[in-house]
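In each ligand, atom 1 is the first atom listed, and ligand 1 is the first ligand listed.
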Amino acid sequence: MSRRTTTSNEEFHKVLSSSKHIFVISGAGLSAGSGIPTYRGKGGLWKQNDVMKLSTTAGWVDSPSRMWQFYESRRALALRAQPNEAHYALARFSIPKIRHEMAPESHFTLVTQNIDGLCQRALQKVSNETDNIDAATSLPIEMHGSIFEVACTNYSCKHREWNDDSPICPALAVDDGGVEDRAGDPVVASRSRFEILREELGRRLNATNNEEVNEQNAAVDERLATCEGSEHVVPTAELPKCTKCGSLVRPGVVWFGESPRHMDEIEKEVEKADICLVVGTSSTVHPAAGFVNTIRQRGGKVAVFNVEWTRDWTPDFLFLGPCKETLPAALG
Ligand SMILES: CC(C)NC(=O)[C@H](Cc1c[nH]c2ccccc12)NC(=O)[C@H](CCCC/N=C(/NCCC(=O)O)S[C@H]1O[C@H](COP(=O)(O)OP(=O)(O)OC[C@H]2O[C@@H](n3cnc4c(N)ncnc43)[C@H](O)[C@@H]2O)[C@@H](O)[C@H]1O)NC(=O)OCc1ccccc1
Ligand SMILES: [Zn+2]
């Protein structure tokens with residue numbers, strides 16, 4: 001029997017009110033309203049950068065400098081960002097006393113693929129504002145780690161700790177003007193190219209004859225070739241170090257090919273869920289993309305919050321639009 005999709009908040013509230021295990025899987029679209037670029041959307045990170053160079057262990061081995069510049073720019077951006085109304089709606093729903101008004105005796109699990117820490121910051125703020133916070137409040141599960149965690153690369157140490165220093169070390173300090181550029185925007189790497197091109201263009205305009213222009217072209221290409229991919233390389237000695245053993249630390253995030261975090265806990269909740277809220281994710285990265293299928297196959301309801309819906313299956317509820325508008329309405 002094909003599923004009928006509705007966009008009515010009333011019907012959603014009715015289903016939510018009888019739900020016992022509410023599961024949320026969220027992605028970059030949740031933080032889009034806070035100015036954090038998504039990955040695959042317009043101006044998305046992977047649109048402008050080589051994911052294999054910047055989100056794999058091979059990329060790390062190839063250049064810790066490049067990786068740290070990439071993640072430091074994203075740390076600076078995430079620190080400057082504020083949670084939006086979608087984060088706050090989920091944070092309030094994490095508090096049993098608030099949630100049980102709408103979904104009595106319900107259990108709530110919020111899993112995020114985001115590494116920006118905005119779900120936690122929203123929960124912190126809501127808990128400070130309300131004295132409803134209690135031990136049963138469910139904390140967001142960061143299955144792909146956090147950009148504010150650092151992990152020691154020394155296998156006999158493996159120390160992990162929270163670090164939201166900005167800059168994380170002097171060598172990675174970026175002047176404010178450059179933050180936006182560094183936000184994964186390849187401008188950084190191409191700035192040197194740009195300067196060269198501008199200089200060369202100047203000389204080229206002054207060239208008097210073709211022979212001279214050709215000479216210059218050769219010079220330009222030679223210089224461009226040398227600066228191909230010539231990122232600003234920070235010596236490893238100046239990159240962030242472990243506070244325990246002094247070895248190089250890496251961003252505490254999950255790269256492609258690495259195991260996601262908290263999978264045992266997540267899989268237990270997926271097995272119990274009777275409704276799945278899919279918030280601001282393209283559902284392209286696994287195992288995160290598979291949770292909703294497991295819940296659907298077990299007869300669970302599905303509600304999608306996204307600015308678009310391109311999948312070949314129909315959710316029970318589809319709330320199209322910026323989730324900072326649709327989610328508070330649905331959970332409010
Ligand atoms: C590309 C893909 C095919 N590859 C994978 O999935 C791989 C390989 C793989 C594993 N299983 C498979 C099965 C099939 C095929 C491939 C695989 N997966 C892995 O390697 C994973 C590890 C993957 C983690 C990689 N790290 C990230 N991030 C951290 C780093 C960093 O961020 O730098 S992934 C990163 O990309 C993903 C991006 O997806 P979205 O968040 O959805 O963002 P996107 O831009 O794509 O979409 C945004 C959406 O929002 C919407 N939107 C935009 N604005 C708004 C708005 N305003 N409101 C609402 N919605 C909005 C848009 O319309 C859009 O739909 C997120 O997961 C994010 O965390 N590891 C693993 O599988 O280990 C084994 C294992 C498995 C199970 C148990 C144990 C071990
Ligand atoms: Zn260490």
Side-chain angles (χ1 to χ4, degrees), residues 25-60 67 70-71 73-75 78 84-87 111-117 142-147 149-161 183-184 240-267 270 277-293 304-311 318-328:
I25 179 65
S26 63
L30 173 61
S31 295
S34 299
I36 306 276
T38 66
Y39 293 79
R40 290 172 181 74
K42 203 166 94 22
L45 284 174
W46 303 148
K47 278 269 171 49
Q48 311 208 19
N49 294 288
D50 178 342
V51 61
M52 299 321 285
K53 268 195 183 164
L54 290 165
S55 200
T56 61
T57 13
W60 169 258
M67 295 283 265
F70 177 60
Y71 282 98
S73 63
R74 295 172 65 188
R75 286 164 55 94
N84 65 62
E85 272 316 308
H87 294 107
V111 176
T112 189
Q113 299 167 77
N114 300 347
I115 61 175
D116 56 32
E142 296 176 302
M143 71 176 293
H144 291 162
S146 168
I147 206 167
E149 187 186 275
V150 294
C152 182
T153 57
N154 168 358
Y155 284 98
S156 59
C157 172
K158 288 206 171 116
H159 175 65
R160 283 173 179 278
E161 67 181 25
K241 296 291 180 294
C242 172
T243 56
K244 275 240 173 347
C245 74
S247 305
L248 178 66
V249 293
R250 56 165 275 181
V253 301
V254 177
W255 287 323
F256 286 97
E258 296 184 327
S259 302
R261 306 274 175 76
H262 317 293
M263 281 306 292
D264 300 352
E265 184 187 354
I266 293 172
E267 276 160 359
V270 165
L277 282 58
V278 184
V279 179
T281 182
S282 60
S283 299
T284 44
V285 170
H286 292 266
F291 300 152
V292 65
N293 304 332
V304 169
F305 297 80
N306 201 301
V307 288
E308 62 179 19
W309 180 247
T310 53
R311 293 284 145 152
L318 180 57
F319 299 105
L320 287 178
C323 58
K324 72 177 181 184
E325 291 159 22
T326 57
L327 208 50

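Checked against salt bridge (charged side-chain N to carboxylate O under 4.0 Å, His left out), Arg311 has no partners two or more places apart in sequence or in another chain.
Between Tyr39, Trp255, Tyr71, it is Tyr71 that holds the heavy atom closest to atom 33 (O) of ligand 1. With Val307, Val254, Ile266 as candidates, the residue nearest to atom 29 (C) of ligand 1 on a non-hydrogen basis is Val254. The closest heavy-atom contact to atom 52 (N) of ligand 1, among the options Gly145, Gly29, Gly321, Pro322, comes from Gly29. For atom 18 (N) of ligand 1, the nearest non-hydrogen atom from the set Arg74, His286, Arg261 belongs to His286. Nearest-heavy-atom check against atom 73 (O) of ligand 1 across Glu258, Arg311, Glu325, Glu308 picks out Glu258.
Listed by number with element, the atoms of ligand 1 under 4.0 angstrom from any heavy atom of Thr284 are 2 (C), 3 (C). Close contacts of ligand 1 with Thr281, meaning ligand atoms under 4.0 Å from a residue heavy atom, involve 40 (P), 42 (O), 49 (C), 50 (O), 65 (O). Residue Gly280 approaches ligand 1 through these ligand atoms, each under 4.0 Å from one of its heavy atoms: 48 (C), 49 (C), 50 (O), 60 (N). Every atom of ligand 1 is numbered from 1 in the order shown, and the set under 4.0 Å from a heavy atom of Thr38 is 45 (O).
In this structure, Gly44 has no heavy atom closer than 4.0 Å to ligand 1. The closest approach between any non-hydrogen atom of Met143 and ligand 1 is not below 4.0 Å.
Among protein heavy atoms, atom 67 (O) of ligand 1 sits closest to Gln113 OE1, 2.7 Å.
No side-chain donor-acceptor contact under 3.5 Å links Asn84 to the backbone of Lys324. A donor-acceptor contact shorter than 3.5 Å is absent between the side chain of Asn49 and the backbone of Val51.
The shortest N/O to N/O separation between Phe305 and ligand 1 does not fall below 3.5 Å.
In this structure, CZ in Phe256 is found 11.5 Å from CG in Leu54, a value given to the nearest 0.5 Å.
Counting only distances under 2.8 Å, and ignoring water, the protein N, O or S atoms around the Zn ion (ligand 2) are Cys152 SG, Cys157 SG, Cys242 SG, Cys245 SG.
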